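Letters go in sequence order (proteins before strands), and every chain restarts at 1. Quick note: numbers below take in every heavy atom, side chains included, and nothing from hydrogens, waters or symmetry partners. None of these values were measured; they are calculated from a predicted model.
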Amino acid sequence: MSLGAEFYERAVLDVARELIGCVVEHEGLAGMIVETEAYHESEPACHAFAGITPRTRVLFGEPGGAYVYRSYGIHALLNAVCEPAGVGAAVLIRALEPLTGIEEMRARREQASVRRGCLRDEDLCSGPGKLTQALGIELRHNETSLLDGPLAIRPGRGHPPEVVVGTRIGIAKAVELDWRFCAAGSPHVSRPRPRGVASRVREWDLS
DNA sequence: CATGGGATTGACT
DNA sequence: GTCAATCCCATGC
């Protein structure tokens with residue numbers, strides 16, 4: 001069962017943190033969310049900061065909507081619209097740990113890669129553009145519903161991962177906000193990793 | 001209508 | 001470390 005509107009209709013920082021450990025699913029392909037970022041109309045890094053435009057209206061729409069936009073002319077980035085309708089806010093899904101359909105994900109990712117057959121599991125969904133490519137998420141999913149649409153986000157199983165907080169990636173404004181959330185220790189988080197997520201070097205590896 | 005700038009990635013020096 | 005690819009849309013004339 002997908003997360004309901006009441007899950008998304010809350011403070012975007014709470015949603016971003018609690019989405020860590022949840023599962024994104026599309027066409028039978030699924031991965032656990034290990035990295036998110038929060039965006040809110042009150043700060044200039046958020047697309048909704050510009051107000052309601054044809055591009056941003058979905059951000060001000062019903063919580064639980066999907067905001068998918070093209071980045072750098074190439075990549076589709078997936079966001080979950082949050083907060084009550086009328087407030088422009090969303091959580092950017094930045095990385096997944098692949099769970100189901102891993103070989104299908106690898107095939108989709110290697111289509112665009114020059115080096116084939118070399119992609120590790122950690123290379124499949126460790127970035128916002130990578131995960132949409134791996135799961136087949138495209139611009140046509142913009143303004144669809146995460147509650148009952150082709151894209152679904154479900155609660156995770158077991159206890160949720162420990163979460164590490166850091167600053168957001170790849171933005172020029174409001175860079176100081178600690179609005180990035182990562183599953184502690186996960187090798188599927190994108191780079192650069194915040195402190196506390198860096199892979200540990202065992203002592204016997206040093207010499 | 002023309003222009004400019006990205007919530008990135010992969011390849012290369 | 002640097003750099004180009006490439007499309008949508010916000011902005012300004």
Side-chain angles (χ1 to χ4, degrees), chain A residues 8 12-13 15-17 19-20 24 31 33-61 65-83 87-96 98 105-144 146 151 153 164-182 187-194 197:
Chain A
Y8 298 101
V12 68
L13 286 174
V15 179
R17 175 184 290 272
L19 276 175
I20 301 297
V24 178
I33 299 172
V34 294
E35 181 181 353
T36 62
E37 285 177 0
Y39 288 88
H40 188 271
E41 63 179 34
S42 62
E43 45 87 15
C46 182
H47 293 168
F49 186 74
I52 301 180
T53 69
R55 180 198 201 188
T56 65
R57 82 183 157 167
V58 59
L59 290 169
F60 294 87
Y67 170 46
V68 184
Y69 75 98
R70 187 165 302 291
S71 174
Y72 292 95
I74 302 174
H75 310 285
L77 269 54
L78 170 65
N79 299 253
V81 174
C82 296
E83 309 240 357
V87 179
V91 173
L92 170 67
I93 312 298
R94 282 194 58 91
L96 307 176
M105 294 184 197
R106 201 185 318 276
R108 293 182 190 222
R109 291 272 295 122
E110 287 181 351
Q111 265 189 332
S113 177
V114 173
R115 301 173 69 96
R116 309 202 168 193
C118 303
L119 290 182
R120 302 162 299 160
D121 289 2
E122 308 89 78
D123 299 321
L124 300 180
C125 299
S126 54
K130 297 178 185 178
L131 72 91
T132 54
Q133 186 183 26
L135 268 64
I137 298 169
E138 302 168 6
L139 292 195
R140 61 190 173 85
H141 294 105
N142 189 39
E143 298 191 82
T144 61
L146 298 171
L151 286 172
I153 303 183
V164 178
V165 178
T167 56
R168 297 177 294 184
I169 303 298
I171 56 173
K173 301 163 188 166
V175 294
E176 72 284 357
L177 299 177
D178 282 332
W179 285 12
R180 181 191 187 201
F181 302 90
C182 298
H188 302 277
V189 166
S190 70
R191 296 177 184 252
R193 296 181 181 157
V197 195

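- With rounding to the nearest 0.5 angstrom, the CG atom of A/Asn142 is 12.0 Å from the CD1 atom of A/Ile137.
- The A/Ala50 side chain lies nearest to C/dT11 when the options are B/dA7, C/dT11, C/dC8.
- Side-chain proximity of A/Ile74 to C/dT6, C/dC8, B/dT9: nearest is C/dT6.
- For the pair A/Arg109/A/Cys125, no side-chain contact is recorded, criterion being any heavy-atom separation below 4.5 Å from C-beta on.
- Among the atoms of the strands shown, base atoms are found under 4.0 Å from some heavy atom of A/Leu92.
- Taking atom CD of A/Glu43 as the reference point, atom C1' of B/dA7 lies 10 Å away to the nearest angstrom.
- Of the listed nucleotides (C/dA10, C/dC7, B/dA7), C/dC7 has the atom at the smallest distance from the side chain of A/Arg70.
- Enclosure of atom CZ in A/Arg140 by more than 12 non-hydrogen atoms of other residues, nucleotides or ligands within 6.0 angstrom is indicated.
- Taking for each of A/Thr53 and A/Ser71 the nucleotide of DNA chain C with the nearest heavy atom, the 5'-most of the two is the partner of A/Ser71.
- For A/Leu139, whose side chain is taken as the heavy atoms from C-beta onward, the closest listed nucleotide among C/dC8, B/dT8, C/dC9 is C/dC8.
- Between B/dG6 and A/Lys173, no contact under 4.0 Å exists linking OP1 or OP2 to a side-chain N or O.
- Between A/Tyr67 atom OH and C/dC8 atom P there is a gap of 13 Å when expressed in whole angstrom units.
- Taking 4.5 Å as the limit, some side-chain heavy atom of A/Trp179 sits within range of a side-chain heavy atom of A/Glu43.
- Secondary-structure stems of DNA chain B, taken as three or more successive Watson-Crick or G-U wobble pairs (i with j, i+1 with j-1) under a 3.5 Å distance threshold, comprise B:1-6 with C:7-12, B:8-12 with C:1-5.
- When the side-chain nitrogen and oxygen atoms of A/Arg109 are compared with OP1 and OP2 of B/dG10, one or more of them lie within a distance under 4.0 Å.
- Look at CG on A/Leu77: it is 15 Å from C1' on B/dG5, rounded to the nearest Å.
- Rounded to whole Å, atom C1' of B/dG5 lies 9 Å from atom OH of A/Tyr72.
- Distance A/Ile169 CD1 to B/dG6 P: 16 Å, rounded to the nearest Å.
- Look at CZ on A/Arg55: it is 9 Å from C1' on B/dA7, rounded to the nearest Å.
- Within the nucleic acid shown, A/Arg168 has no heavy atom closer than 4.0 Å to any nucleic acid atom.
- DNA chain B is contacted by both A/Tyr69 and A/Lys130; A/Tyr69 maps to the nucleotide lying nearer its 5′ end (nearest heavy atom per residue).
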